[in-house]
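Heads up, the thing below is written out as structure tokens.
In what follows, chains are A, B, ... by sequence order, proteins preceding strands, each numbered from 1.
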Amino acid sequence: MKVQINGQEKELAGPLTVEELLKVENVKMPEMVSVEINGEILDREQFSEVIVKEDDEIEFLYFMGGGACGLY
Amino acid sequence: MDFTEQQIERYSRHIILSEVGVEGQEKLLNSKVLIIGTGGLGAPAAMFLAAAGVGTIGLVDRDVVDLSNLQRQIIHQTKDVGKLKAVSGRETINEMNPDIKVIEYHTFVDSSNIMDIIKDQDYDFIIDGTDNFAAKFLINDACVLAKKPFSHAGIIRFHGQLTTYIPDNNTPCYRCIFKQPPPEGVVPTCREAGVLGVMGGVIGTLQATEAIKYILGLGDSLAGYLLTYDALDMEFRKIKIKHNKKCGVCGDEPHITSLIDYAQPVCDLSTGTIKG
């Protein structure tokens with residue numbers, strides 16, 4: 001299925017949860033990321049429940065500061 | 001207010017802008033901006049606000065200038081190493097523009113002093129130029145509770161982000177995006193950290209731009225957006241952010257009604273480890 005992640009189109013083998021998506025996308029520190037899907041910020045507790053759907057627009061929003069962010 | 005001839009000349013490139021004019025320049029000279037942290041972000045923000053003629057600038061910092069700061073904190077010079085950053089900042093500002101009144105606060109912000117500092121001069125706009133999550137959440141909560149507009153920003157490596165909070169405008173706050181600081185032990189050691197010096201210049205200058213626009217009532221702010229900058233891809237993205245009804249401080253049922261001092265790990269640069 002096709003989704004957009006941070007503005008870029010991606011082909012994903014779905015369906016999968018947000019938690020699984022963070023792994024597939026190789027996000028090293030998921031604790032340092034907020035996730036927005038179609039304009040709504042998710043609760044962290046929902047990461048294991050929310051299923052990513054075709055055409056979803058997903059933003060990984062990284063904590064930045066203190067010599068740290070979730071990008072690496 | 002009456003401008004001196006020198007002021008008319010100094011601010012002529014502002015005054016000639018129809019969107020600014022004499023009236024706008026007068027607004028700037030009568031305005032008050034608080035800059036918390038005079039480092040990578042705060043240094044360029046302070047210098048451009050001073051050059052622009054923002055009449056009162058508060059500088060909050062308890063640090064002293066370190067040689068390793070000079071790669072990006074352009075308000076401080078080699079001769080300032082060892083000097084309190086707020087003092088060094090004030091000296092640079094006053095050399096550049098003697099019109100500016102600089103108020104120094106030789107402290108780090110915490111729950112016991114931030115409200116007093118914000119209210120000390122009834123600042124019009126606040127710039128978060130800090131480098132740690134404890135301070136960022138504190139500044140956010142204080143500005144939301146005190147109904148003060150502020151600019152959040154963060155920089156790391158080749159990345160930067162910023163957003164603007166405007167009270168009473170259904171604007172998302174920092175906590176709407178990031179519910180709480182990352183858990184302890186997750187933040188990597190400072191050995192892995194680093195930042196391209198110009199990142200603070202780009203993002204801190206954008207923070208100053210947001211402050212000036214707010215004071216002058218110009219254009220559209222970043223309220224409701226997170227702007228991200230990737231210097232390697234040379235890409236800016238403006239990501240729409242909605243106000244979060246479940247936000248702990250500005251949501252429908254806020255549970256944060258007083259300020260919180262989060263534990264702040266202290267970075268030991270000599271060993272590259274995090275203490276406490």
Side-chain angles (χ1 to χ4, degrees), chain A residues 1-12 14 16-72, chain B residues 37 41 128 130-137 152-163 172 174-195 199 203 226 228-230 235 237-247 264-265 267 269 272 274:
Chain A
M1 62 178 179
K2 259 190 216 130
V3 297
Q4 280 217 357
I5 300 177
N6 288 22
Q8 292 194 326
E9 205 163 88
K10 289 243 171 174
E11 186 67 39
L12 293 176
L16 75 180
T17 65
V18 172
E19 189 174 73
E20 286 162 342
L21 176 66
L22 288 164
K23 275 188 198 140
V24 169
E25 286 298 302
N26 211 15
V27 174
K28 300 274 193 307
M29 283 174 286
E31 298 88 346
M32 300 282 288
V33 182
S34 264
V35 178
E36 187 194 70
I37 298 190
N38 304 328
E40 302 286 340
I41 303 273
L42 297 186
D43 271 351
R44 188 160 297 283
E45 296 74 38
Q46 295 174 278
F47 283 10
S48 58
E49 296 154 22
V50 172
I51 309 283
V52 178
K53 300 184 304 293
E54 175 94 32
D55 293 331
D56 273 352
E57 290 179 17
I58 301 150
E59 296 285 348
F60 295 152
L61 308 171
Y62 297 94
F63 266 115
M64 264 180 220
C69 82
L71 280 166
Y72 314 101
Chain B
L41 293 162
D128 173 4
T130 65
D131 65 353
N132 67 81
F133 298 119
K136 291 193 179 303
F137 279 90
H152 151 81
I155 49 170
I156 183 74
R157 289 171 56 90
F158 306 95
H159 300 273
Q161 66 177 209
L162 76 155
T163 187
Y174 182 58
R175 208 182 264 283
C176 285
I177 309 172
F178 302 108
K179 191 176 169 188
Q180 58 197 26
E184 281 180 63
V186 168
V187 180
T189 64
C190 47
R191 200 183 322 183
E192 291 165 54
V195 64
M199 298 308 294
I203 303 295
L226 183 73
T228 64
Y229 172 47
D230 180 329
E235 188 174 56
R237 294 192 63 236
K238 200 174 158 187
I239 302 161
K240 184 130 187 66
I241 306 286
K242 275 193 221 164
H243 174 248
N244 189 341
K245 290 188 172 117
K246 288 186 265 179
C247 176
Q264 172 52 28
C267 205
L269 271 177
I274 298 222

Checklist line | Heavy-atom side-chain proximity of B/V195 to B/I156 below 4.5 angstrom | finding: no
Between [X] and chain A, with a heavy-atom cut-off of 4.5 Å, which part of the residue counts as in contact: side chain, backbone, both or neither?
X      : result
B/I177 : both
B/K240 : backbone
B/I241 : both
B/P172 : neither

Note to self: Given heavy-atom pairs under 4.5 angstrom as the criterion, report whether the side chain, backbone, both or neither of A/D43 touches chain B.
What the structure shows: side chain
Note to self: Taking side chain as everything from C-beta outward and backbone as N, CA, C, O, which of these in A/E31 sits under 4.5 Å from a heavy atom of chain B? Side chain, backbone, both or neither.
What the structure shows: both
Check: Are any side-chain N or O atoms of A/R44 and backbone N or O atoms of A/V35, one a donor and one an acceptor, separated by less than 3.5 Å?
Finding: no
Next item on the list: Go through the steps to decide whether A/E40 and B/K246 satisfy the test salt bridge (Lys or Arg N to Asp or Glu O under 4.0 Å), and finish with yes or no.
Entry: CA-CA 11 Å; A/E40 302 286 340; B/K246 288 186 265 179; over 6 Å; no
Margin query: Students often mix this up, so state it plainly: with edges at 30° and 60°, are the rings of A/F63 and B/F137 parallel, tilted or perpendicular?
Written below: tilted
Check: Are B/D128 and B/T130 linked by a side-chain donor-acceptor pair shorter than 3.5 Å?
Finding: yes
